[in-house]
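Worksheet for the structure shown next.
In what follows, chains are A, B, ... by sequence order, proteins preceding strands, each numbered from 1. Keep in mind that the numbers below use all heavy atoms, side chains included, and drop hydrogens, waters and symmetry copies.
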Amino acid sequence: MKNRHTAGGRTCRFKESSMPEVRVRFPPSPTGYLHIGGARTALLNWLFAKKTGGKLILRIEDTDEERSTSASIDGILDGLTWLGLDWDEGPYFQSEFAADHLRAAEQLIQSGHAYKCFCTKEELESKRDAAMTAKVDVKYDGTCRNLSSKEIEAREKAGIPSVIRFKVEKKEGVVGYDDKVLGRIERRYDDIEDFVIVRSNSKPLYLLCNVVDDIRDRITHVIRGQDHMTNTTRQVLLYEALGAPVPIFAHMPLTLDLQKRKISKRSHGEIVAVQFYRDRGFIPWALCNFLVLLGWNPGDDREIFSREELIEAFSLERIGRTNSIFNYRKDDPKFFTDPKAIAINSHYLRTMPIAEIGHMVKKHFQEQRLWHDDYDTSRREWFLATLELIRERFHTINDFSAGGRAYFADDFAIDPQSLAKNILKHPELIGWFPQLAERFSALQVFDKESAEAATREMAEELGIKPGILINGMRTLLTGQLAGPGMFDVLAALGREKVATRLKGIYRLYK
RNA sequence: GGCCCCAUCGUCUAGUGGCCUAGGACGUCGGCCUCUCACGCCGAUAACAGGGGUUCGAGUCCCCUUGGGGUCACCA
């Protein structure tokens, strides 16, 4: 670990005490959905803002018009909102500040930090291809770097289009910055080519826009992925040429797939979109909790954090340096996403206050047309008690309408394995269950204890193991092979429903 | 190929020279519990990429090799 904790260097020009308010930003480009990598970036920025009492600015980098539709912007906003990551300013739209970007480019030309370049795209591409195949460094050769004003004028008169390039000083030495997670990062001036900052159609490029916007938004800390590292050295040059203070950078490690490829919707599908997790019944905070653990840890053994705990524990210095792997196997029959993500979600599912679970289930049930308004009023107690009863073996909110369907509706499916094992193997049940229903009906009160007593009594009279009756009921009444203690289930279902279903046993043999 | 970054169990990770015969979590496999399954609890499995240094002592510092990743656009 080198220089990791050194505060020196040009990136730190403020004393702690006079440190201005922390301002961080999340600048997604509109892609129609929030990528989990983006969500993780947003989360760390959000945490840092909360931790320091600073501000999080949301800025949509929409300078690529093609993909900047309002729907694709909403996709990003929806994802952030669902995760509970709120922002203090914005969303700002980069496209609205084109004048700022161009003014900055003009300023750079005036100050001799940039120049017009008339090389054509085709020329450059062929040079680049040649360099690539020759396996030598691919850099702009500086053809237009020292054009005289006369030469420039002549070309402009001739109508030759030009781009604006940043003029990297030809000198020995390095540009560098002190990265909060990586330590001192340096790159030789000589290794940096004169990069384009404005296109020939006068549209400014990301490298410039990003810096100009960050200066205007008074961003103090840039927390982003390591894939931006080569941008950073060039951007430091831009800050300096523009006479602006350089923010503090923190480059977080990337998240890759099992083959160590970048995860993308193109190659991995919906699994990379935050929306997928919402649709699959994830608890928003559980996803955040999982995501933050990819490349960060508190330094002790804790892994589950409330919001407040995470904010308290968070620090840039504890962000790791190694890329992590999103442990997901396509078509895994057991885990539809990273097993740890599911484990964390399950943990929240069984430990959160039941009323909060109830709230999420309500939303889900409304979508599934399983909701009844009296679950909020007269049957609220029953509703929550039932959720409490069944949540322990569930992994997502969606499980309440799938495996838990029998508690809330009659159109539940019977698990074939369960059917074979607990029902078809014991054809006598076709006679026994209606009889058991009668016994239940005759009970003074129908509750866990009385139902158990009646069941065991009958089993004893028949000379069979109680399990035959119990497991048969589990299949018939819940459709499941496994579940909560059966007498709790009976109580939750209620006498009528139990009796009706027991009498309908014959249907399973057809 | 140039430049930059990285390297501990299958996965997420702890580890800042002696507390490491390397800890935790997820997963996996056993066991207890039990009407089933789960939870819970108990136990097991499994890692310092390789080679040189430095040091009394190295997972921890240095160098090399290997491996992986990022990036090299008039995308963001």
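- Applying the salt bridge (charged side-chain N to carboxylate O under 4.0 Å, His left out) test to residues at least two apart or on different chains, the pairs with a partner in residues 323-350 of chain A are A:E303-A:K340.
- A:R188 contributes no side-chain N or O that forms a donor-acceptor pair with the base of B:C3 under 3.5 Å.
- A:Q94 comes within 4.0 angstrom of sugar-phosphate atoms only, judged by non-hydrogen atoms across all strands, and of no base.
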Could you go over nucleotides 64-67 of chain B and give all protein N or O partners under 3.5 Å, atom names and distances?
none

Shorter than 3.5 Å, N or O on both sides, protein versus nucleotides 38-42 of chain B: list them out with atom names.
| unit_1 | atom_1 | unit_2 | atom_2 | d |
| --- | --- | --- | --- | --- |
| B:A38 | O2' | A:E392 | O | 3.2 |
| B:A38 | N3 | A:E392 | OE1 | 3.2 |

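- Side chain of A:N327, nearest nucleotide from B:U11, B:C5, B:G69: B:U11.
- Contact annotation for A:R474: base contact, defined as any heavy-atom pair under 4.0 Å involving a base atom.
- When heavy atoms are screened at a 4.0 angstrom cut-off, A:E186 is found touching the sugar-phosphate backbone but no base atom.
- Residue contacts for A:M486: at a heavy-atom cut-off of 4.0 Å it reaches a base atom on one of the strands shown.
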Distances under 3.5 Å only, N/O to N/O: pair up the protein atoms with those of nucleotides 21-24 of chain B.
| unit_1 | atom_1 | unit_2 | atom_2 | d |
| --- | --- | --- | --- | --- |
| B:G24 | N2 | A:E303 | OE2 | 3.1 |

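- With distances taken from any side-chain atom of A:T322 to the nucleotides B:C35, B:A7, B:C4, the minimum falls on B:A7.
- Applying the salt bridge (Lys or Arg N to Asp or Glu O under 4.0 Å) test to A:E169 and every residue at least two apart in sequence or in another chain returns A:K171.
- Closest to the A:S200 side chain, of the nucleotides B:U36, B:A7, B:C74, is B:C74.
- Looking at heavy-atom distances under 4.0 Å, A:V196 makes contact with sugar-phosphate atoms alone, never a base.
- Heavy atoms of A:N231 sit under 4.0 angstrom from at least one base atom.
- With C1' as the reference atom, B:C61 and B:U54 are 8 Å apart, rounded to whole Å.
- A donor N or O paired with an acceptor N or O is not found under 3.5 Å between the base of B:C12 and the side-chain atoms of A:S324.
- Sorted by first and then second residue, the salt bridge (charged side-chain N to carboxylate O under 4.0 Å, His left out) pairs involving residues 475-490 of chain A (not counting sequence neighbours) are A:K448-A:D488.
- Residue contacts shown for A:K121 include a base, since a base heavy atom lies under 4.0 Å away.
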